[in-house]
Amino acid sequence: MIERWRPKMHTFHLPISEATITLEDVEVLFGLPADGIHVAYLHALRDYTGLDYLHMLQWLTGFQPAGPTALSGVSRFQRMPVRHHLVAMDTEITDDSPPEDIDRHMRLLLLLMFGGILFPNTSENLVSLRFLRHLERLDDLSGYN
């Protein structure tokens with residue numbers, strides 16, 4: 001099938017005709033739901049500055065780096081300060097912890113997972129803070145597609 005793929009047309013050139021794989025095909029073939037909340041880069045985020053992302057990070061996770069030097073570019077952040085903060089925070093999370101603290105801890109863990117496992121950066125040390133917007137409402141996470 002690779003030999004029959006036409007990248008300019010985004011189709012497969014088959015002896016009977018051309019075929020395009022649609023989102024519905026992916027849903028049927030792989031069992032991935034395609035009718036939930038869409039993960040997209042909002043147009044409003046294009047105007048965000050590094051400081052805006054740091055404020056969002058502090059608001060959603062309670063974590064604030066020592067300085068803006070942890071930023072790389074506008075929206076990428078070094079993972080190591082987050083890891084160090086999580087290690088210190090782990091001792092504070094107990095069965096009696098308030099739900100807000102647990103949610104903040106979960107957002108930081110998910111941010112590291114997104115940046116290190118699901119969408120790794122070539123430097124292997126940076127995570128995009130653009131994911132924070134999708135972590136605002138943790139109850140919605142299972143509905144994203």
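Nothing fancy with the numbering, it's 1 onward along the sequence. Values in this document were obtained by computation on a predicted structure and should not be read as measured data.
In this view, E136 and W59, L60 satisfy the side-chain contact (heavy atoms from CB on, under 4.5 Å) rule, not counting sequence neighbours. Applying the side-chain contact (heavy atoms from CB on, under 4.5 Å) criterion to R83, with sequence neighbours excluded, gives R79, M80, L112. Evaluation of the side-chain contact (heavy atoms from CB on, under 4.5 Å) rule for L51 yields T49, H55 as partners, not counting sequence neighbours. Scored by the side-chain contact (heavy atoms from CB on, under 4.5 Å) test, P98 finds E100, D101 as partners (sequence neighbours excluded).
In terms of heavy-atom proximity, L132 sits nearest to Y53 at CD1-O, 4.1 Å.
In this structure, the separation between CG on D103 and CG on L135 is 11.0 Å, given to the nearest 0.5 Å. Atom OG1 of T61 and atom CG of L110 lie 11.5 Å apart (nearest 0.5 Å).
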Steps toward side-chain contact (heavy atoms from CB on, under 4.5 Å) verdict (L111, L57):
CA-CA 10 Å; L111 191 63; L57 177 70; 4.0 Å; yes
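Between F63 and H85, the two ring planes are tilted [angle within 30° to 60°].
The ring pair (Phe, Tyr, Trp, His ring centres under 6.0 Å) analysis of residues 95-115, with sequence neighbours excluded, yields the pairs F114-F131.
For M106, the CE atom counts as loosely surrounded, since its 6.0 Å shell holds 12 or fewer non-hydrogen atoms of other residues, nucleotides or ligands.
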